[in-house]
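As the structure lists them, so they are numbered: ligands from 1, and atoms in each ligand from 1. Just so it is clear, the model here is predicted, and its values are computed rather than measured.
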Amino acid sequence: MTNVVVVGSQWGDEGKGKIVDWLSERADIVVRFQGGHNAGHTLVIDGVSYKLSLLPSGVVRPGKLAVIGNGVVIDPHALIAEIDKLGKQGVTITPENLRVADNATLILSLHRELDGFREDAASNSGTKIGTTRRGIGPAYEDKVGRRAIRVMDLADLETLPAKVDRLLTHHNALRRGLGEPEISHDAIMLELSSVADKVLPFMDTVWVLLDKARRKGARILFEGAQGTLLDIDHGTYPFVTSSNTVAGQAAAGSGMGPGSLGYILGITKAYTTRVGEGPFPTELHDEIGQFLGERGHEFGTVTGRKRRCGWFDAALVRQSVAANGITGIALTKLDVLDGLDELKICVGYTLDGQQIDHLPASQAQQASAKPVYITLEGWKESTVGARSWADLPAQAIKYVRQVEELIGAPVALLSTSPERDDTILVTDPFED
Ligand code: GDP
Ligand code: IMO
Ligand code: MG
């Protein structure tokens, strides 16, 4: 297939960045279509680590075009800072290799502040989400509320003041309610004018660009952020992010029609992690959970928070396979399981004495669902850096086959270390 959509099939941090970087060798264009700088994608190339939050992971490869689509919420300060940071690592970003959708929504400092005010207030009442405090939720609220400032507004100084007034009427009412100081019109105008010159050179009509590229036969790689269980509709609501993270959003969030999306690749960690609050049926509070966290270096890229760890939950990933229309998966971090005596996989749940095969949508039921496990034998050999099936111990292959069978999707790629080239290719998503 010509195009590939990469999505997270769990709660984020599945290794999307590594896989997108690996696949981008085969692509012409790499497109982000939702989320913002709440994402943290780490790539390791010849021992050098690159941490990306807002920029598509394809940006580190020379000759590829990186695109930020309309579905992304863009903090212009974060964008400028990330371009500068990568520049210091030798990755030059110019309008030649980065385009930003003119109709994408901006995250302003007032969004970041509101996110923080709410999380602080919720900490006291026990209703905290554990957001990344980047202003993601408040910015999407303004987009849906039809009062957002968008990238193109930076170029239209005549109509901008009225838009800022509309936005401030809403935000200052919220801030008064929270007992926080109001913001002046001039402060927002100053903020916007301080970033306009740096952001506008990247602005483009992305749907036109993608349409032309598609007609010429370009290979387009869509890079999802977060994961399916963090999707605003399909995730563990309200402990989710504020965008649709599923593959269908690649179309709406870029302006390319769903018929052109192609292969849907679900990035799937060989165990489960989650950052922030919310239900997690297979979470381990014992020494095995600690082992996974330490061996897997499970600390958030964006906030540095410790990720919660647990067994692989096949019931959840089976749900993701359905919600995304996953064609195949990239199974990552198999190496982290090396050395464990036995491995458990969740195949369903019990709830009120009944067996169920998927996690219900109700928050209360999600919190009380108990996992049903099968147990597999572990392996003692190291799989770190394995680059072919032949390098994998028989028990590791058995584990992979069991995962495929339980989730109902085949493994297309298998990752055995953070390094770009420690990747086993089973089926090339661009050729399938
Ligand atoms: P993303 O948000 O989905 O892009 O994932 P993150 O980059 O936040 O987290 C995945 C972490 O695991 C990163 O530090 C990667 O370098 C690392 N990683 C990716 N694949 C593998 C793998 O197969 N084995 C190991 N040990 N680490 C990996
Ligand atoms: P990547 O792309 C893991 C989580 C936050 C919080 C919830 C809402 O690296 O996989 P938000 O700031 O989005 O309003 O926070 O979503 N979250 C992530 N967890 N990986 C991510 O991105 C995440 N982005 C947001 O921890 O629980
Ligand atoms: Mg991440």
Note: L334, heavy atoms under 4.0 Å from ligand 1, region reported as neither
**Prompt:** So is S417 close enough to ligand 1, meaning a heavy atom under 4.0 angstrom away?
**Reply:** yes
Check your understanding: With a cut-off of 6.0 Å (strictly less than), are more than 12 heavy atoms of other residues, nucleotides or ligands near NZ of K380?
Key -> yes
query = Within less than 4.0 angstrom of ligand 2, does V240 place any heavy atom?
reply = yes
Measuring from non-hydrogen atoms of I267 to any atom of ligand 1, is the shortest distance under 4.0 Å? no
Of E14, R274, K16, the residue with the heavy atom nearest atom 10 (O) of ligand 2 is K16
Quick look: T42 vs ligand 1, heavy-atom contacts under 4.0 Å, and the answer is both
Any protein N, O or S atom under 2.8 Å from the Mg ion (ligand 3)? Found D13 OD1, G40 O
Checking heavy-atom distances from atom 19 (N) of ligand 2 to each of T131, L52, I267, L230, the winner is L230
At under 4.0 Å between heavy atoms, what of F239 touches ligand 2? The answer is neither
Open item on the list: Taking OH in Y237 as the centre, count heavy atoms belonging to other residues, nucleotides or ligands within less than 6.0 Å. Is the count above 12?
Closed with: no
Checklist entry - In this structure, are over 12 heavy atoms from other groups packed under 6.0 Å from K198 atom NZ? => result no
For G40, the ligand 1 atoms with a heavy-atom partner under 4.0 Å come out as 1 (P), 2 (O), 4 (O), 6 (P), 7 (O), 8 (O)
Here the atoms of ligand 1 under 4.0 Å from any heavy atom belonging to R307 are 8 (O), 9 (O)
Problem - ligand 1 contact by Q10, heavy-atom criterion under 4.0 angstrom - result: no
Any heavy atom of K333 under 4.0 Å from ligand 1? The part involved is both
Less than 4.0 Å is my threshold; does some heavy atom of G8 fall inside it relative to ligand 2? no
protein heavy-atom neighbour closest to atom 16 (O) of ligand 1 works out as P418 CB, 3.4 Å
Contact check, H297 vs ligand 1, heavy-atom distance below 4.0 Å:
no
Numbered in order shown, the ligand 1 atoms found under 4.0 Å of a heavy atom of K18 are 20 (N)
Under 4.0 Å from one or more heavy atoms of H41, ligand 1 contributes atoms 1 (P), 2 (O), 4 (O), 7 (O)
In R147, R150, R166, K163, the residue satisfying salt bridge (Lys or Arg N to Asp or Glu O under 4.0 Å) with D142 is R147
Quick look: S415 vs ligand 1, heavy-atom contacts under 4.0 Å, and the answer is both
Any heavy atom of R295 under 4.0 Å from ligand 1? The part involved is neither
